[in-house]
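Remarks on the structure that follows.
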Amino acid sequence: MKQFVALSGLPRTGSTLLSSILSQNPNIHAEGNSAVCQLMWDMQQSAMNSEQMQASNKDLTNKLVKPIPNTYYSDVKKPIVVDKCRSWTLPANMQMLNRYFDNTPKVIVLVRPMVEIVASFMSLRKANNWQDLEVGLLDNGSEPIMRSLAGVEWARKNDNGEFVFVSYDQLVDDTQVTLERIYEHCGWETFEHNLDNIVNTHKENDDVYSLVGQHDIRPQISRRTVDVELSDELVDKCNRLDEWSMCGTLRMD
């Protein structure tokens, strides 16, 4: 079985950039958002229901769920797969990683201050002619920010060595050292990446999100100009979320 590493964390944190850099390594396959986690979850729930109805077929869930990652990546010949899904850090999905994979799971968790994430989304919305730049971004349980934040909070509180946390600043400002830290965590042999010619070889269809340019990257690492202004209320909410994610219970009441 291939080595399977999960790439998770918050949106607008550089996951497309990191995947594109890692893909330079001929031993690593790292593409855009993957359906593996959702497929495994859906199959697990169906199989468990079947097991409950048929007591004689107790191993059905394992037989059906465990092959899904290899089936999904059956055309990939590289020995390492970095599977990108922001939901991996949610506790039920971490249970799947521990149950269905032979090796100890390794998870790369990307993080960034909430104000910067929200501003980045607002800038994308502005470029795509959205009328209300703030609407719905931090609604309870919403995608793509709030559900991901719940997973990051859980991972921080339940880290037993499977997670490596990488901030956006570390990735952008100290890329080489950050890559070395990721490689050490995942147990990979060192590789010299070309940080002057970064190419996204697995482009996603941003029309699906109504946010054209969401997964664009540039050949050299640099920060984008964000020309938006957050309301005081939104800034305050972002700051409270960062505080609760680091040291408290995630809530907005």
Pair [X], [Y]: side-chain N/O donor-acceptor within cut-off below 3.5 Å:
X: Trp188; Y: Asn25; value: no
X: Arg181; Y: Gln170; value: yes
X: Glu189; Y: Tyr183; value: no
X: Asn194; Y: Gln24; value: no
X: Gln38; Y: Asp42; value: yes

Membership question, hydrophobic clusters at under 4.5 Å side-chain separation (ILVMFWY): are Leu241 and Ile145 in the same one? yes
Side chain to side chain, [X] and [Y], heavy atoms closer than 4.5 Å:
X: Met122; Y: Glu229; result: no
X: Arg147; Y: Ser142; result: no
X: Ser23; Y: Glu31; result: no
X: Ile28; Y: Lys78; result: no
X: Leu39; Y: Tyr72; result: yes
X: Val36; Y: Phe4; result: yes
X: His29; Y: Leu22; result: no
X: Arg224; Y: Asp216; result: yes

With side chain to side chain contact (heavy atoms under 4.5 Å, CB included) as the test, would you mind laying out the steps for Leu64 and Leu60 before giving the verdict? CA-CA 6 Å; Leu64 292 176; Leu60 179 64; 3.6 Å; yes
Around atom CG of Asp132, are there more than 12 heavy atoms of other residues, nucleotides or ligands at under 6.0 Å? yes
In this structure, are over 12 heavy atoms from other groups packed under 6.0 Å from Glu143 atom CD? yes
Is it true that Arg223 and Asp169 have a side-chain N and a carboxylate O under 4.0 angstrom from each other? yes
Do Lys66 and Asp102 meet the salt-bridge criterion of a basic N to acidic O distance under 4.0 Å? yes
To the nearest 0.5 Å, how far apart are [atom1] in [X] and [atom2] in [Y]?
X: Ile182; Y: Lys106; atom1: CD1; atom2: NZ; answer: 13.0 Å
X: Leu138; Y: Glu233; atom1: CG; atom2: CD; answer: 10.0 Å
X: Glu116; Y: Phe121; atom1: CD; atom2: CZ; answer: 13.5 Å
X: Ile217; Y: Asn200; atom1: CD1; atom2: CG; answer: 5.0 Å
X: Asp207; Y: Asn205; atom1: CG; atom2: CG; answer: 4.5 Å
X: Ser74; Y: Asn70; atom1: OG; atom2: CG; answer: 8.5 Å

Side chain to side chain contact (heavy atoms under 4.5 Å, CB included) between Val152 and Val109, intermediate numbers included: CA-CA 7 Å; Val152 170; Val109 185; 4.0 Å; yes
Kindly say whether [Y] contributes a backbone atom to a donor-acceptor pair with the side chain of [X] at under 3.5 angstrom?
X: Ser148; Y: Leu10; value: no
X: Asp159; Y: Ala155; value: no
X: Glu162; Y: Pro105; value: no
X: Glu204; Y: Asn33; value: yes
X: His193; Y: Ile21; value: yes
X: Thr13; Y: Tyr168; value: no
X: Asn49; Y: Gln45; value: yes
X: Asn128; Y: Val212; value: yes
X: Arg125; Y: Val135; value: yes
X: Asp242; Y: Met114; value: yes

Between Arg12 and Ser120 the two heavy atoms that sit nearest each other are NE-OG, 2.8 Å
For residues Cys85 and Cys37, report the shortest heavy-atom separation together with the two atoms involved. SG-CB, 3.8 Å
Exactly one of Ser19, Ser34, Ser15 should register a side-chain hydrogen bond (donor to acceptor under 3.5 Å, both in side chains) with Lys84. Which one does? Ser15
Could you tell me how the ring of Phe163 sits relative to the ring of Phe165: parallel (under 30°), tilted (30 to 60°) or perpendicular (over 60°)? tilted
Over 60° means perpendicular and under 30° means parallel, so classify the ring planes of His215 and Tyr209, tilted if in between. tilted
Apply side chain to side chain contact (heavy atoms under 4.5 Å, CB included) to residues Val107 and Leu97 and explain how you reach the verdict. CA-CA 10 Å; Val107 186; Leu97 281 179; 4.0 Å; yes
